Amino acid sequence: MKQRITYIVKDADDFDPEQLDVKSGSLTLKNVKAAKEHRITFGLSELPRELQRSFQQWHELHIRWASETPYSASPPFTARVSPGLHAFFTPLKDRSEGSLCPLLQEIFGHGLICEDPKDTFIKLPVLSERFSMSAASEYYAYVPNLSNFVSYVQKKLCPPAPSSCKLGAASLSSASYLDIDYDTISHAVIVNAFWSEATWKETISLTKKEETIEVGVLNHESRPDPEDIGFGGFLTVLGNDDEPKPTRFQTATRHYPLVSSPLIYRTRFSHPTGLHPTLILTLPSSHLDAPDPTCKLHTHLTLPSYLFIDKYQFNDPLFLASKNLVSLRSLSGATDLEAPDWVVPQWGSAALFELAVPSFSPNEDEPKPSGDWNVSIPMHLRYLPAQQSSHTSVPVPWPVVFWACRAEEGAKMAVNPFDRIHLGYEGLFGLKTRFMHVPPAQVGNGTGRLVEWIDVPVLDLRKTGWVEAGTVGTVIVAFLGLCWVLFGGLGGSKKGKESEKKTQ
Amino acid sequence: MALSSFFGSSRAVFSAAILLRAVFLLYGLWQDANSPMKYTDIDYYVFTDAARFISQGRSPYARDTYRYTPLLAWFIYPTTWPGHWFSFGKVLFAIGDIIAGWMMFHILRTYQHMPPQRALRFASIWLLNPMVATISTRGSSEGLLGVFITALLWAVLARRIKLAGMLLGFAVHFKIYPFIYAASIIWWLDAEDSDNFKKATPTSSDTQFNRAFAFFNSERVILISYSLATFLQLNIVMFFAYGTAFLEHSYFYHLIRIDHRHNFSPYNTLLYLKSSPNISLDSDPIKSFELERLAFLPQLLLSAVFIPLALAKKDLPSTMLAQTFAFVTFNKVCTSQYFLWYMMFLPFYLPDSTLLESPSVGIPALALWLIGQVFWLQQGFQLEFNGNSTFVPGLWVSSILFFLVNCGILGVVIRDIRTRKGITRGTEATKKT
């Protein structure tokens, strides 16, 4: 087991090396205000037998969970996914997927709708063939918190003693995102959690001799090279170092911070949503000038099966322009335009749109565009099962918004020790692409959540008592009536009355 | 009077019909070019996408929701050419409209013995109908069907049986539902020989076998064999060209589909209720007997058996109207495009009909037919755009009411036809003109 813990201090003045106390095999942080990433690497043999067997059946599995609570990202941890549970998966050739669905349900909650990866997972399109890093398929489920995961780890993975494992697991409840990666080449499982800025008072210590723990306290420094990010700070390898060692390094990065720009986005649905909700992204016009001429603004949507996009709507330039869209770049998954929700086997669909931006005059004197810039994405709801109520409320996670820009160097990005891939959208771009993420508004949907809830009208079972008898009865009476008109006697006046009565 | 001189000239009426479609077509081009709301029907994009797939040597079924014969995509192949050729399909459908109208005019003249002015008036129900012109110029294929069905009727009345058989086989291949006309046409074809048949009836050798043998007169045999051969040949060719995707999308889809999206059909709410999962918890086995699966019974008994048997020999065109009306009214799925299916027979039925001659029946019938739709559409709007759960009672009640209105109108139509005496061949009609 290897651990790497990185604290990112936002303001160098807030931090003093005195706040770190290194003793033999342990390090204590005294009120360090920082964002934190905790990365644990397990050898496959260190896992319980049951999990080992499962992992060995697969080629790769990448789990990305993000909290629905808005968080501020700190470079280099700026990459984002839509809130909820994403699983990116590639099976081994000619091998069954085994127990992936039951395992996901056991770990993240028994309510997950996952029948069989072959049916439930969606194929990921890869626009760039060379970007072979992408997994073959994706799964998504709305999982608002990690409570199920925490108790799974505590019950199934932690030893009875010491309690540090259980406490560590419990701390995941406040994580902003959690990544779990396995691939058959490394034969290792990497768990990676991120917490946004907090004040840390904690002691990290070695529990076993063979363990290595590396702790870094870093500060993001102004970039020497426009495509790199640089850090300065202190590194400590527990057991080896007697005191924090100063360090300074720079690295190419795939996810570049959008520094000192107040650009944010908000998501909402125009009301009433009806059966054809329109998702509206709102961004401040004045901050929508591209950070670089090669940058194009995109949004990546994760749509559960009850919502779908009709790709044929997005062919017309006038229609696209009226919605402030440039194009639907990619759409995969459940795109059937007619099926009700209960016959759709997949979890849903994923879409990538390129967004239009207001035009900025190169002339400095002309006023910048102002006000809100609204992008609308029309969608459609599937019919949901009849309920003992008139509406069913369904969650829709906020999409992610980012600038995708040309990068001079693509290969170097993977050298970045903090590189984050398998997010569902990088495979849709070329290898030489860097992403500058636009953060979502902290207010979220108004209650501090990055999830919109839509009320979908459904057939109300409390009112359907008469539907069957009424329909069948009406049809039978009408049928018999018409048979009588066809074959009955043609008595003059009586007939006329009958037909007239019917028309009224 | 200006109006009567207008209807006195077939050139004026047909020019107006062409002009109407040309104006709609040009207006549509303008709206499509200038507004994000398109005049062109969504289905037209389906057809033209399918034609494009064909032009790339691919299957038209590569296009989602293409549920038609590949022939339709082939008909509008020129839409894949650059520039204004994209509108070729709409022009074709509009020309089809005009040809259908022209054939209606001739059927009214020749087989219902109407003077030209009156025939033009009734043909105008189709020719100058803005709904018909809109549907074809928006690029919906329902209009194209009009020309085939009217041609079928004309061929039958003209006793061009081989041609009629081929048209029938083609129409069923194209849209399935015209199979109901087979029954009425076959039953009607006996009429000319009915005298011989009656003479034969009282003889001693009147056995079941002889009756059956007499039923299969040469015209009937020709019609059946030509229509079956055409239908099968088309299907075999399409199957070998496009494989199971053709069968699946053109035929099987229509058999297994349960259209959950709200529509005018009286069965709609029941189908949503019954296909919805996890509701059978408290229903007893008798209740869960799926009556809705038998919905095809009243529909097919009426449209393909009872109505043809009772009425075809009286008045074939009006019987076809009654059949279509029954088929659409009792169908599990019903949208306003289907109304066009029976509208093409109105010019033949309406002259001398109760609906037209007795305002106390006709006006309420039309009003109720329209009100039924308005009521339903209002409920549908509440659901679709305001998100109100109007499934019950709103949509259900309005679809049941609309169904009853339709059945009432069908009752009037059936009664009218029953009191007729072989108008299409007899001389009854001439004295009324």
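Protein chains get the first letters and strands the later ones, always in sequence-line order, with residue 1 at the start of each. These numbers come from a predicted model, not from an experiment.
When each of Ala310(B), Pro298(B), Ala322(B) is scored by its heavy-atom pairs under 4.5 Å with chain A, the top score falls to Pro298(B). Across Leu480(A), Val456(A), Val458(A), Asp460(A), the residue that shares the most heavy-atom pairs under 4.5 angstrom with chain B is Val458(A). When His276(A), Arg382(A), Lys311(A) are compared by the number of non-hydrogen pairs under 4.5 Å with chain B, His276(A) comes out ahead. When each of Leu320(A), Ile476(A), Leu384(A), Asp341(A) is checked for heavy-atom pairs under 4.5 Å with chain B, Leu384(A) comes out on top. Per-residue heavy-atom pair counts under 4.5 Å with chain A were compared for Pro36(B), Ser35(B), Ala326(B), and the maximum is reached by Pro36(B). Considering only heavy-atom pairs separated by less than 4.5 Å from chain A, the leading option among Thr329(B), Thr354(B), Leu401(B), Ile307(B) is Ile307(B). No other option in Leu459(A), Asn315(A), Thr335(A), Leu275(A) has as many heavy-atom pairs under 4.5 Å with chain B as Leu459(A).
Results of the side chain to side chain contact (heavy atoms under 4.5 Å, CB included) test with Thr65(B) over Asp310(A), Asp336(A), Leu337(A) single out Leu337(A) as the only residue that passes.
A heavy-atom distance below 4.5 Å is found between the side chains of Phe330(B) and Leu482(A). Residues Asp32(B) and Leu318(A) are not in side-chain contact: their nearest non-hydrogen atoms beyond the backbone lie 4.5 Å or more apart. Side-chain atoms of Val485(A) and Val412(B), non-hydrogen and from C-beta on, never get closer than 4.5 Å to each other. Trp396(B) is not listed as a side-chain neighbour of Lys463(A), based on a closest heavy-atom distance of 4.5 Å or more. Side-chain contact between Gln313(A) and Ile42(B) is absent, with no heavy atoms from C-beta onward closer than 4.5 Å. Taking 4.5 Å as the limit, every side-chain heavy atom of Glu338(A) sits out of range of all side-chain heavy atoms of Arg261(B). Annotation: side chain of Phe479(A) is not in contact with side chain of Gln299(B) (no heavy-atom distance under 4.5 Å).
Residue Ile454(A): no heavy atom, backbone or side chain, is found under 4.5 Å from chain B. For a residue to count as touching a neighbouring chain, one of its non-hydrogen atoms must lie under 4.5 Å from one of that chain's; by this rule Tyr45(B) does not touch chain A. For chain B, the nearby parts of Ser390(A) are the backbone and the side chain; heavy atoms of each come within less than 4.5 Å. Only the backbone of Ala33(B) comes within less than 4.5 Å of a heavy atom of chain A; no side-chain atom from C-beta onward does. In this structure, no portion of Lys323(A) lies under 4.5 Å from any heavy atom of chain B. Thr390(B) does not touch chain A: none of its heavy atoms, backbone or side chain, sits under 4.5 Å away. In this structure, the portion of His391(A) lying under 4.5 Å from any heavy atom of chain B is its side chain and not its backbone. For Asn406(B), no part lies near chain A; criterion is any non-hydrogen pair under 4.5 Å. Looking at Leu381(A), the atoms closer than 4.5 Å to chain B (heavy atoms on both sides) all sit in the backbone: N, CA, C or O.
Ring orientation note: the planes of Phe391(B) and Tyr383(A) are nearly perpendicular, at an angle over 60° on the 30°/60° scale. Ring geometry for Phe487(A) versus Phe306(B): interplanar angle over 60°, hence perpendicular rather than tilted (30 to 60°).
Under the 3.5 Å distance criterion, the side-chain polar atoms of Trp342(A) are matched with a main-chain donor or acceptor of Ser275(B).
Remark: Thr471(A) OG1 to Lys274(B) NZ distance equals 10.5 Å, nearest 0.5 Å. With rounding to the nearest 0.5 angstrom, the CZ atom of Phe319(A) is 9.0 Å from the NZ atom of Lys38(B). Phe403(B) contributes atom CZ, which lies 7.0 Å from atom OG1 of Thr474(A) (distance to the nearest 0.5 angstrom). Atom OG1 of Thr464(A) is separated from atom CG of Leu273(B) by 5.0 Å, given to the nearest 0.5 angstrom. With rounding to the nearest 0.5 Å, the separation of CG in Asp455(A) from CG in Asn388(B) is 11.0 Å. Between the CG atom of Leu461(A) and the OG atom of Ser276(B) there is a distance of 6.5 Å, given to the nearest 0.5 Å.
When the shell of 6.0 Å around CG of Leu29(B) is examined, it contains more than 12 heavy atoms from other residues, nucleotides or ligands. By the 6.0 Å contact criterion, CD on Glu115(A) is open, its count of non-hydrogen atoms from other residues, nucleotides or ligands being 12 or less. Atom CH2 of Trp466(A) sits in a sparse spot, with 12 or fewer heavy atoms from other residues, nucleotides or ligands closer than 6.0 Å.
Residues passing the ring-ring contact (aromatic ring centres under 6.0 Å, His included) test with Phe381(B), sequence neighbours excluded: Phe385(B).
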Taking it one step at a time, do Leu270(B) and Val472(A) satisfy side-chain contact (heavy atoms from CB on, under 4.5 Å)? CA-CA 9 Å; Leu270(B) 182 60; Val472(A) 174; 4.3 Å; yes

Evaluate the criterion side-chain contact (heavy atoms from CB on, under 4.5 Å) for residue pair Asp64(B) and Tyr312(A); output intermediate values, then yes/no. CA-CA 10 Å; Asp64(B) 294 331; Tyr312(A) 300 104; 3.4 Å; yes

